Amino acid sequence: MSTAPTEIPKAYDPKLVEEKWYADWLAKGHFTANAASTKPAYSIVQPPPNVTGVLTMGHVLNNSIQDILARRKRMQGYEVLWLPGTDHAGIATQTVVEKALRKQGVMKHRDDLGREKFLENVWEWKEKHGGIINQQLKKLGCSCDWTRERFTMDEAYSRCVLQVFVDLYQKGLIYRGKRMVNWCPVSRTALSDEEVIMRTVAGSLWHIRYPVLDAKGQPHPKDFMVVATTRPETMLGDEAVAVNPSDARYQKLIGKKLLLPLKNKQIPVIADEAVDPKFGTGCVKVTPAHDVADYEMALRHNLPFTVVIGPDGKMTEEAGEPFTGLDRMEAREAVVKELTEDGLLLKTEPYEHNVGYSERTDVPIEPYLSEQWFLKYPQVPHSTETVENGEIKFYPERWTKTYTHWLRGIRDWCISRQLWWGHQIPVWYRGDEIYCGLEAPKGEGWQQDPDVLDTWFSSWLWPFATMGWSLDVARDRPEKSDVLKKFYPTTDLVTGPDIIFFWVARMIMAGYEYMGEKPFGNVYFTGIIRDTIGRKMSKSLGNSPDPLDLIAKYGADGLRFGLMLIAPQGQDILFDEKRCEVGRNFMNKLWNAARFIQMQKANRGSAGASPSQHNAHDLKVQFEMNQAIAAVSQALDEYKFNEAAKELYDFVWGDFCDWYIEASKVSPNIEVLDEVLGNILRLLHPFAPFITEELWAGTGGAGTIQLVPWPTPREIEGMTDKVVSQVNDLYDFVTAGRQLRSDQRIDPKAKVAFIIKAVSNEEFLRSEIAFLKRLLNAEDVKIDHNYEPPPGKPTVVIASEIGGPVSSATSITMDVGDLVVNIDTERQRLAKQLADTEKQLAATDAKLANENFVSKAAPVAVQRERDKQQQLREQREKIQTLLRALQ
RNA sequence: GGGCGCGUAGUUCAGUUGGCUAGAACGCACGGAUCACACCCGUGAGGUCACAGGUUCGAGUCCUGUCGCGCCCACCA
């Protein structure tokens with residue numbers, strides 16, 4: 001502590017320190033993990049944000065938490081790897097770039113450019129806009145190992161993706177098949193089930209008559225079957241009408257033919273168990289090519305598949321005139337119109353139902369029959385068990401249920417996408433031949449599958465493909481780098497619960513399949529950031545603040561701390577910019593506390609040694625510091641970041657600033673001030689890296705605070721329970737005295753006197769007169785165990801905690817000298833206090849009068865109640881006496 | 001239809017295995033340029049713990065039910 005104190009500015013200005021320190025940390029390589037280190041490993045892989053994304057509040061939350069974990073572990077002596085990176089985000093990026101290119105008039109559809117040219121544009125876009133988010137994370141203070149930054153389309157990473165594909169293909173887990181898939185007509189690609197979000201929409205249920213044909217194939221004028229549908233446009237592709245085989249109403253009709261309206265086509269009436277006779281009319285139109293349930297029925301009954309809606313969402317030629325070429329929604333109206341004109345529409349009723357929407361483009365999904373690649377998930381039972389038995393722990397735990405429920409009902413994953421941006425499927429065709437391998441097969445005429453893989457098919461390998469993993473497909477033996485050996489399995493994963501299926505579950509399966517080990521030990525699920533009225537933050541709503549603006553206004557530390565303070569484990573966060581003010585104010589408070597200490601040192605110079613004896617305030621603050629260290633450590637161990645933040649806030653602002661620094665103005669102990677501040681800086685560093693480093697350096701700390709050991713509670717010499725309760729009582733007198741001043745509207749500048757009636761700790765109080773005088777702004781403070789407050793002098797009766805006999809109604813009396821006391825105010829105050837006391841006493845009396853309580857409750861509880869009763873009685877008596885004197 | 005979570009001060013949240021007068025922060029009211037800090041200091045007001053039963057000597061806390069809000073899963077046309 002030899003550095004000369006420098007002038008510290010009055011208000012903390014984050015701009016002056018944040019950039020400076022971040023550059024310093026990078027230059028010194030503090031974030032770079034060393035695989036050869038002998039320290040224990042701690043690792044965490046960052047959920048890779050979309051490469052073209054910009055920082056959102058969600059990222060701020062997520063990455064602040066990861067940074068807190070990483071920084072604390074560094075202080076605890078771990079070799080930390082926090083691996084950052086970005087995701088190519090196939091469909092998202094492609095959609096964005098397509099939109100931009102259309103806007104620029106470069107193309108109408110990507111086919112205009114062709115695959116190669118289009119991809120050039122995407123890469124260009126990626127170079128230009130990619131990685132912005134990482135610059136933003138640096139502003140936030142994130143201590144990622146940027147030397148190991150990865151991108152899911154890096155050469156090495158891509159190789160891993162293809163190796164895994166080939167391997168799973170060889171294992172027979174990947175297969176190709178013509179299936180009904182979720183089709184997005186805007187992106188013109190298949191989607192996985194997880195990319196479809198169900199939405200309740202107010203639609204209609206149209207009841208349509210299908211004429212029954214007689215033996216000669218002629219429609220009966222009055223004989224109809226009535227089907228109910230929410231999608232009349234699909235009737236153009238109907239191949240049957242189905243009824244339940246046990247439905248008595250339609251027994252006779254099974255096997256007969258109907259005339260499909262608008263198409264004048266004969267379709268059969270079939271019987272199938274899938275039909276619920278109680279719903280609607282009990283007759284279902286069957287559209288094999290455009291409905292999942294119908295598709296399955298068609299397979300059972302050998303029906304043909306007529307495709308009437310094309311991949312672009314428009315009606316095909318099969319739909320027939322005048323519908324061909326219409327958009328599916330236009331076709332719906334046109335069909336309804338024609339049916340109405342033909343008198344075949346029986347009725348239309350409003351109907352609420354669920355419709356699947358594309359997560360990305362927000363249009364209704366079309367069930368679409370096409371050739372796609374599918375994956376039978378590996379390691380499903382094992383992945384379920386390990387989360388269930390806690391080998392992989394979820395925080396909050398309840399997400400395990402969601403996870404296992406999904407795994408138990410898991411279905412094959414459609415991994416092919418009809419996009420260009422992504423990893424092209426490593427399969428080649430030549431006639432009937434098919435080849436799957438890392439490179440194109442030798443020989444002429446091979447055509448590679450044009451599809452790419454689902455983005456998540458690359459990100460599910462993230463925990464190891466980023467660390468130098470490689471699979472020798474021929475020998476089926478993974479190669480492990482030193483990094484992998486040191487840092488896999490990773491320790492913690494921090495992510496949102498919205499990607500528990502997309503990402504977390506799949507990483508677990510991939511980890512077991514390819515590493516033979518879990519990918520991470522703990523998964524912390526953050527809440528979702530919402531606005532003050534609970535809406536999700538979104539660009540379109542305009543309710544999501546730009547984190548960079550917030551950093552500029554409140555400082556990165558202020559933003560981080562403010563956010564952590566309101567982020568309870570597992571609950572959504574209602575974010576209000578005001579929260580950042582709390583963080584910023586707290587940083588400023590800390591700044592000024594440090595400034596105070598600096599000034600103390602300057603005042604005393606090197607000559608003024610600290611008192612060697614610790615006084616009661618020193619002991620008390622050290623006691624509270626121990627509590628804080630323990631509480632913060634435990635909260636962080638349990639991933640309760642808001643509790644840790646709250647604990648720090650209360651200790652710093654309350655115990656340290658409000659009481660200890662105030663006491664220090666009477667008799668400072670620089671050593672203790674330094675020690676407590678030092679510990680505060682260490683505890684706070686994971687939350688607020690910049691200010692703590694700045695103050696650490698500014699107060700003469702050695703090296704970087706990042707590598708200073710995490711504090712632990714220590715034995716305090718001279719510390720007893722009695723000291724703590726004595727000091728608590730002392731503080732109670734201060735509060736009570738201030739109450740009197742405030743009640744009686746005594747000008748803060750007016751010096752008044754106080755007389756304290758002590759019971760058993762007179763000597764201690766006498767030693768604290770200077771302290772009392774200062775905090776009460778008093779001219780004089782007297783301690784007198786015989787003092788009886790005279791009538792009219794404002795007095796607060798205090799039930800003392802200080803040991804000794806339970807005869808302890810102490811008091812503090814204010815003597816205002818010549819000033820006038822408002823007797824009414826005083827009477828009111830006493831009356832209120834008396835009422836409170838009596839209320840409590842009544843409750844206590846009732847309890848003790850209850851024989852059941854006395855005999856059944858724990859003896860400690862009973863004794864406590866008795867002590868309380870005694871105290872309250874004395875207190876009541878004192879107050880009554882005072883009050884009587886005022887009548 | 002199934003599953004999960006949440007209802008505590010104006011607001012956002014704490015509230016351990018049931019047991020001192022249900023706490024905090026922000027906001028609000030009043031007072032204050034006191035020599036760390038007005039991004040501050042001091043004092044205060046504000047709650048039938050969603051509702052109804054039950055268990056218990058004792059319930060914000062445990063159990064059952066009801067209502068309200070949110071999320072996830074599910075192919076009833």
Side-chain angles (χ1 to χ4, degrees), chain A residues 8 10-12 180 198 205 227-231 234 242 274-276 278-287 291-296 351 353-354 356 367 396 398-399 401-402 405-406 409 497-498 500-501 528 530 532 534 554 558 565-566 568 570-576 578-579 581-600 642-643 646 649-650 653-654 657-658 661-662 664-665 735 738-743 745-749 775 777 836-837 839-840 843-844 847 850-858 860-862 864-865 867-868 871-872:
Chain A
I8 308 183
K10 218 170 162 179
Y12 172 57
M180 194 65 104
M198 298 306 281
L205 195 57
V227 300
T229 181
T230 54
R231 302 202 55 194
T234 63
V275 181
D276 177 359
K278 288 191 282 292
F279 185 88
T281 57
C283 309
V284 184
K285 62 193 261 325
V286 181
T287 318
D291 182 278
V292 181
D294 293 1
Y295 170 75
E296 274 154 23
Y351 186 66
H353 61 135
N354 294 326
R398 63 190 156 83
W399 291 110
K401 264 193 195 165
T402 309
H405 180 254
W406 183 74
D498 47 334
I500 190 165
F501 309 137
I528 291 166
R530 298 170 179 283
T532 41
Y554 304 102
L565 218 37
I566 55 160
Q571 239 141 275
D572 288 357
I573 295 140
L574 302 187
F575 181 79
D576 187 337
K578 281 227 163 93
R579 302 305 188 154
E581 281 179 27
V582 178
R584 177 200 57 185
N585 295 353
F586 182 58
M587 296 308 145
N588 194 54
K589 187 75 179 174
L590 176 71
W591 182 259
N592 277 287
R595 202 163 147 258
F596 170 80
I597 296 172
Q598 199 84 320
M599 290 165 101
Q600 290 298 311
N642 64 322
E643 282 180 27
K646 187 68 171 23
Y649 186 91
D650 289 345
W653 207 301
C657 292
D658 288 347
I661 285 188
E662 290 309 314
S664 295
K665 289 173 181 173
T735 304
R738 284 167 169 172
Q739 188 186 3
L740 291 175
R741 286 196 77 120
S742 181
D743 248 22
R745 315 246 154 202
I746 305 297
D747 185 334
K749 282 186 281 293
L775 272 75
N777 192 21
D836 286 350
T837 309
K839 195 179 131 201
Q840 284 175 62
T844 307
K847 261 191 190 176
N850 183 340
E851 230 173 88
N852 280 322
F853 174 73
V854 180
S855 60
K856 287 185 184 171
V860 216
V862 178
R864 208 165 33 214
E865 218 55 38
D867 291 350
K868 193 170 118 192
Q871 266 194 353
L872 286 167

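Every chain is numbered from 1 and lettered A, B, ... according to where its sequence line falls, protein lines coming before strand lines. Being a predicted model, the structure only gives us computed values, none of them experimental.
Checked by atom type and distance alone, the side chain of A/Arg741 pairs as donor or acceptor with a backbone atom of A/Asn777 at under 3.5 Å. Counting only distance, with no hydrogens or angles, the side chain of A/Ser742 and the backbone of A/Arg738 share no donor-acceptor pair below 3.5 Å. No donor-acceptor distance shorter than 3.5 angstrom exists from the side chain of A/Asn642 to the backbone of A/Ile566, with no hydrogens or angles considered. Under a 3.5 Å cut-off, the side chain of A/Asn592 and the backbone N or O of A/Asn588 do form a donor-acceptor pair.
Atom pair A/His353:NE2 and B/G1:P shows a separation of 18 Å (rounding to whole Å applied). For the pair A/Asn642 CG and B/A24 C1', the interatomic distance rounds to 12 Å; values are reported in whole Å. A/Arg595 has its CZ atom 11 Å from the P atom of B/C35, to the nearest Å. The interatomic distance linking A/Asn585 (CG) with B/G27 (C1') rounds to 14 Å, in whole Å. When the P atom of B/C20 is taken as reference, atom CG of A/Leu872 falls 14 Å away, rounded to whole Å. Summarising the geometry, the separation between CG on A/Asp276 and C1' on B/C75 is reported as 13 Å, rounded to the nearest angstrom. As a whole-Å value, the separation of A/Ile528 CD1 from B/G70 P is 14 Å. Atom-to-atom, CG of A/Asp650 to C1' of B/A25 comes out at 8 Å; the value is rounded to the nearest Å.
Comparing B/U12 with B/C6, their C1' atoms are spaced 14 Å from each other, to the whole Å. Taking atom P on both B/C72 and B/C30, the two are 45 Å apart, rounded to the nearest angstrom. When the P atom is compared between B/C71 and B/C51, the two are found 25 Å apart, to the nearest whole Å. Spacing of P atoms, B/A33 relative to B/A38, comes out at 14 Å, to the nearest Å. Nucleotides B/C28 and B/G10, compared at atom P, are 15 Å apart to the nearest Å. Annotation: B/U8 and B/A29 have their C1' atoms spaced 23 Å apart (nearest Å). Here the separation of B/G65 from B/G58, taken at their P atoms, is 23 Å to the nearest Å. Rounded to whole Å, the C1' atom of B/A50 lies 6 Å from the corresponding atom of B/G7.
Put simply, A/Lys578 has no side-chain N or O that comes within less than 4.0 Å of OP1 or OP2 on B/U12. For the pair A/Lys589 and B/C41, the criterion of a side-chain N or O lying under 4.0 Å from OP1 or OP2 is met. Residue A/Gln739 places no side-chain N or O under 4.0 Å from the OP1 or OP2 atom of B/G42. Proximity of A/Lys401 to the phosphate of B/C4: a side-chain N or O atom is located under 4.0 Å from OP1 or OP2. Listed pair A/Lys665 / B/A36 meets the phosphate criterion, a side-chain N or O lying under 4.0 Å from OP1 or OP2. Using a 4.0 Å cut-off, no side-chain N or O of A/Tyr12 falls inside it from OP1 or OP2 of B/A36. The phosphate of B/C41 (OP1 or OP2) has a side-chain N or O of A/Trp653 nearer than 4.0 angstrom. Of the side-chain N and O atoms in A/Tyr649, one or more sit less than 4.0 angstrom from OP1 or OP2 of B/C26.
The side chain of A/Pro748 approaches B/G32 more closely than any other nucleotide in the set B/G19, B/G32, B/A36. Side-chain proximity of A/Arg584 to the nucleotides B/C39, B/G42, B/A36 is greatest for B/C39. Among B/G5, B/C73, B/C57, the nucleotide with an atom closest to any side-chain atom of A/His405 is B/C73. Residue A/Lys10 places its side chain closer to B/A38 than to any other of B/A38, B/G19, B/G42. Here the side chain of A/Glu662 is nearest to one of B/A36, B/G19, B/C75, namely B/A36. When distances are taken from the side chain of A/Arg530 to each of B/C40, B/G70, B/A24, the shortest belongs to B/G70. Out of B/A77, B/C30, B/C57, the shortest distance to the side chain of A/Arg745 is found at B/C30. Considering only the side chain of A/Asn354, B/A74 comes nearest among B/C37, B/A74, B/C39. Comparing B/C39, B/G42, B/A25 by their nearest atom to the side chain of A/Asn588 picks out B/C39. Minimum atom distance to the side chain of A/Ala857 is reached by B/C57, of the listed B/C37, B/A36, B/C57.
Inter-residue side-chain proximity for A/Gln600 and A/Ser664 is flagged as unmet; no heavy-atom pair is nearer than 4.5 Å. Using a 4.5 Å cut-off on side-chain heavy atoms (C-beta onward), A/Val582 and A/Tyr649 make contact. Counting only heavy atoms from C-beta outward, the side chains of A/Lys665 and A/Phe596 approach each other to under 4.5 Å. You'll find the side chain of A/Thr234 reaches within 4.5 Å of the side chain of A/Lys285, heavy atoms only.
Across all strands shown, A/Thr735 has heavy atoms under 4.0 Å from sugar-phosphate atoms exclusively, and none from any base. Looking at heavy-atom distances under 4.0 Å, A/Val275 makes contact with a base. Residue-level contact check: A/Lys278 touches neither bases nor backbone, having no heavy atom under 4.0 Å from any strand. Contacts of A/Val284 with the nucleic acid, taken as non-hydrogen atoms under 4.0 Å apart, include base atoms. Within 4.0 Å (heavy atoms only), A/Tyr295 reaches no atom of the nucleic acid at all. When heavy atoms are screened at a 4.0 angstrom cut-off, A/Cys657 is found touching base atoms of the nucleic acid.
Between A/Asp294 atom CG and A/Thr287 atom OG1 the span is 5.0 Å, to the nearest 0.5 Å.
Summary of the strand contacts: A/Thr402 and A/Ala843 both lie near RNA chain B, and taking for each the nucleotide with the nearest heavy atom, the more 5' one is attributed to A/Ala843. Checking A/Asp572 against A/Ala593, the closest nucleotide of RNA chain B that is more toward the 5' end is the one next to A/Asp572.
In RNA chain B, stems built from 3 or more consecutive Watson-Crick or G-U wobble pairs, each with both distances under 3.5 Å, span B:1-7 with B:67-73, B:10-13 with B:23-26, B:28-32 with B:40-44, B:50-54 with B:62-66.
The number of heavy atoms from other shown groups lying within 6.0 Å of NE2 (A/His405) does not exceed 12.
For B/U34, the base is syn relative to its sugar; the glycosidic angle is within 90° of 0.
A salt bridge between A/Glu581 and A/Lys578 is absent, with no side-chain N of the basic residue lying under 4.0 Å from a carboxylate O of the acidic one.
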